[in-house]
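Quick notes on the structure that follows.
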Amino acid sequence: VNNISSLSPLAGCLSLSELYLRRNMIPTLSELCHLRPLTRLRVLWLTENPCCGTDPSRYRLTVLRCLPRLQKLDNQVVTEDEIALALVEGDEVSTPTSSIQNQLPNNGLPDTETENDPFNYNMEETNKIRKELGMKPLSRDKFSSPSSPSTVEKPTMKKTHILDAVLLLLKDLDEEELQVVHTATQNRLQTYTMDSGDGQRSPAQKTADIQH
């Protein structure tokens, strides 16, 4: 209840872990972009702000897509299923126009190929996660090109977001849980191997592989 309308002053509070913003004047969810650098932020209370809109489900998924490290939102615990769903169905939050202007070169024009491009954000976020997990970064051609929005296939983009969700959740698993994922992944890969060689296998061999 402080009539706060911008979150930009909080962008440098890197040690912040809990933030209570209930009943303020935050106009849009784009203000949450200022909280992305706060990697320790785990608790956020944002309800009763204009940015919350009239669709509670869409609002929650959008907040969690922007801030997937949250453990509690509006006094409600965040589940792993919610995070995975948010990365697939939540709306992409873009940086507020006023903030972009402040970060622009002297010509005052936005750089559409970099910071104002949600496609680039998705690719950079995914590769950052892959790097933390010791995996090779994905090349740009693995992502759908944003240059022709009408040609972007939703299934392709959805799979990209599912990959983001899986990689994010891996960081929260312990050794035993990672072993379960490893075993399930191996079984899944064996299925692909079997499918690719079906034309050269007899029915008896296929049955033996399945039983094995």
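Below, all heavy atoms of this structure are taken into account, side chains as well, without hydrogens, waters or symmetry copies. What you see is a predicted model, and the numbers here were worked out from it, not measured in a lab.
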Is there a path of hydrophobic side-chain contacts, each under 4.5 Å between heavy atoms, that joins [X] and [Y]?
X: L16; Y: L44; result: yes
X: I4; Y: L35; result: yes
X: L14; Y: L32; result: yes

Closest contact, heavy atoms only, [X] versus [Y]:
X: S6; Y: P9; result: O-CD, 3.7 Å
X: V93; Y: C66; result: CG2-CB, 4.1 Å
X: S5; Y: E31; result: O-CD, 4.0 Å
X: L21; Y: L19; result: CD1-CD2, 3.5 Å

Where at least one partner belongs to residues 51-61, residue pairs that pass salt bridge (Lys or Arg N to Asp or Glu O under 4.0 Å), sequence neighbours excluded: R58-D91, R60-E82
Looking at [atom1] of [X] and [atom2] of [Y], how far apart are the two atoms once the value is rounded to the nearest 0.5 Å?
X: L70; Y: I83; atom1: CG; atom2: CD1; value: 7.0 Å
X: N3; Y: I26; atom1: CG; atom2: CD1; value: 11.0 Å
X: L7; Y: S30; atom1: CG; atom2: OG; value: 9.0 Å

Lys/Arg N to Asp/Glu carboxylate O, R65 vs E92, below 4.0 Å: yes
Contacts of T47 that satisfy side-chain contact (heavy atoms from CB on, under 4.5 Å) - sequence neighbours left out: R22, W45, D74
Short side-chain to backbone donor-acceptor contact, E89 and A86, under 3.5 Å: no
Within 6.0 angstrom of Q186 CD, more than 12 heavy atoms from elsewhere: yes
